[in-house]
Amino acid sequence: MIAMVDCNSFYASCEQVFRPDLKGRPIAVLSNNDGCIIAKNAEAKALTHINYKEPLFKIKHILKANDVTTFSSNYTLYGDLSKRVMNVLREFSPDVEVYSIDESFLNLEGFTHLDLEDYGKQIKERVYRLTGIPVGVGIAPSKVLAKLANRMSKKIPRYNHVCVLQTEEDRIEALQWAEVKDIWGLGKKHQQRLQSIGVYNAYQFSKLPVTWVRKEMTVVGERLWRELNGKSCIAFETLPRKKKGIGTAKSFGKKLSDLSTIEEACAYYIAEVTEVLRAQRCATSCLQIFLTTNYHSAYDSQYADKVTINLPIPTNNTFTLIKEGKSALKKIYKEGYRYKKVGVNLLGIVPEDEIQGNLFMPCTSKSDALVKTVDSINNRYGKATISSGRSGTKVSKKQWELIKEERSPRFTTQWDELLEIGG
DNA sequence: TCTGGGGTCCTAGGACCC
DNA sequence: TCTGGGGTCCTAGGACCC
């Protein structure tokens with residue numbers, strides 16, 4: 001059996017942990033640049049006329065009228081609380097697959113001596129007691145069924161956030177309850193396709209001929225079909241995989257026209273992604289830079305382009321990549337536009353110890369040692385304590401940095417932002 | 001004025017190799 | 001009239017996830 005544990009309204013719950021005064025009141029967490037809503041707690045979800053996709057500036061008055069407290073996103077806080085939740089889950093199984101920032105699979109294979117429902121309740125209660133984060137628990141024989149059980153645990157009140165699908169009757173009942181859109185891995189396109197042939201719930205889907213599913217929905221669909229029929233065929237992955245691509249692209253706080261300012265943001269992003277690259281002990285052979293104007297705007301003239309640089313030797317050296325990035329950016333930059341976003345992608349990632357050298361170029365540069373030193377200083381004293389001059393100063397960053405007007409303190413990771421009581 | 005960001009996997013088709 | 005067989009690598013596009 002497999003347990004799927006998913007935090008309820010995770011980002012909103014994180015904010016609520018440190019704001020008990022907001023208990024029972026609606027709260028919402030905003031995207032980067034405070035652009036739109038990305039998470040709501042139960043009270044805010046109940047206000048169904050407040051839409052996730054609406055830009056914030058269009059719904060500000062509705063939020064105010066409904067007394068919704070909003071927070072800029074605070075990924076430092078969410079990441080740290082996530083780690084804490086996952087650590088609690090490791091008490092319950094030796095095999096934990098962290099699937100995303102707010103959900104994990106627990107391998108319960110061989111736990112036959114347990115009352116699984118009781119075990120699920122223990123998980124839920126222990127996580128809440130040690131972290132303050134409420135979770136739902138779904139337990140079933142395959143990942144897709146466990147995911148479904150998790151959904152039922154939250155949607156059907158009598159389960160009270162713990163649902164176990166153990167018997168064949170449980171499984172059938174769950175499949176009949178689930179609409180096609182409730183199946184993990186079945187997106188909009190396939191939903192429409194299935195509905196057009198009269199398939200509306202998971203049970204009907206599970207009864208389709210497997211040959212049809214394979215032909216119309218590829219091997220991905222067939223896997224879902226088998227999992228729903230109780231055959232586990234999506235592997236358990238306890239070790240985190242190395243990323244195949246690492247990228248970042250954040251909208252600027254305001255629109256930029258000046259090349260040197262865009263260069264600065266670009267250098268900063270390169271420093272960010274190469275740090276991730278080094279942390280997984282890899283190097284990149286391909287750097288991609290893209291630049292775009294604001295496609296929402298009806299007034300600005302639009303332009304977007306990208307350029308891909310294949311490097312002669314794979315590298316994870318920040319300075320080398322910043323230099324490459326700078327000349328790449330020049331190739332696509334055109335004067336006269338108001339740019340909204342610059343993006344960096346590292347592709348063609350190879351393990352650091354498998355770098356293919358080049359007869360005519362030295363393999364290591366002196367600055368590799370410098371990069372290592374910078375990493376160790378930043379690990380100790382915090383992000384970007386030391387950085388390349390090209391990635392800007394505290395003052396110049398204001399030109400392009402993300403807007404976060406309502407960010408809560410990083411309560412659990414910064415000494416000077418600890419929660420104060422009384423005062 | 002203002003509209004998020006970061007990923008994965010699969011397939012088909014082209015280009016190429018022996 | 002009739003035109004082999006077995007591969008790899010790469011890319012773009014589609015679909016999906018959080």
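Because only heavy atoms are used, hydrogens play no part in the values below, and waters and symmetry mates are left out as well, while side chains stay in. Every chain is numbered from 1, with letters handed out A, B, ... down the list of sequences.
- Comment: A/Glu97 engages A/Lys143 in a salt bridge, judged by a side-chain N to carboxylate O separation of less than 4.0 angstrom.
- Sorted by residue number, the members of residues 187-222 of chain A with any non-hydrogen atom under 4.0 Å from DNA chain B read A/Thr218, A/Val219, A/Val220.
- For residues 65-91 of chain A, proximity to DNA chain C is found at no residue, defined as any non-hydrogen atom under 4.0 angstrom from a strand atom.
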Reading DNA chain C 5' to 3', how would its secondary structure be written in dot-bracket notation, given Watson-Crick and G-U pairs with both distances under 3.5 Å, brackets [ ] for crossing pairs and | for partners on other strands? ....||||||||||||||
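- Among residues at least two apart or in separate chains, there is no side-chain hydrogen bond (donor to acceptor under 3.5 Å, both in side chains) pair with a member in residues 201-213 of chain A.
- Considering only residues two or more places apart in sequence or on other chains, A/Gln399 meets the side-chain hydrogen bond (donor to acceptor under 3.5 Å, both in side chains) condition with none of them.
- Nucleic acid contact for A/Leu186: sugar-phosphate only, since backbone atoms but no base atoms lie under 4.0 Å from a heavy atom of the residue.
- A/Tyr11 pairs by the ring pair (Phe, Tyr, Trp, His ring centres under 6.0 Å) definition with A/Tyr75, A/Tyr78, not counting sequence neighbours.
- For A/Ser301, there are no side-chain hydrogen bond (donor to acceptor under 3.5 Å, both in side chains) partners, not counting sequence neighbours.
- Figure legend: A/Lys40 and A/Tyr52 shown as a cation-pi pair, the cationic atom lying under 6.0 angstrom from the six-membered ring centre and within 45 degrees of its axis.
- Residue pairs meeting the salt bridge (charged side-chain N to carboxylate O under 4.0 Å, His left out) criterion with at least one member in residues 215-236 of chain A, sequence neighbours excluded: A/Arg193-A/Glu216, A/Arg214-A/Glu222, A/Glu222-A/Arg226.
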Can you check ring pair (Phe, Tyr, Trp, His ring centres under 6.0 Å) on A/Trp184 and A/Phe105, steps first, answer last? CA-CA 14 Å; A/Trp184 179 49; A/Phe105 291 102; 5.8 Å; yes
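- A heavy atom lying under 4.0 Å from DNA chain C marks none of the residues of residues 264-276 of chain A.
- Looking at heavy atoms from C-beta onward, A/Phe411 lies in side-chain contact with A/Leu77 at the 4.5 angstrom threshold.
- Annotation: side-chain hydrogen bond (donor to acceptor under 3.5 Å, both in side chains) contacts of A/Thr318 (sequence neighbours excluded): A/Thr274, A/Arg278.
- Between chain A and DNA chain C, the heavy-atom contact criterion of under 4.0 Å yields a 5' to 3' nucleotide range of C/dA15 to C/dC18.
- Residues of residues 5-14 of chain A that place a heavy atom closer than 4.0 Å to DNA chain B do not occur.
- The residue A/Asp34 sits apart from the nucleic acid: no heavy atom pair falls under 4.0 Å.
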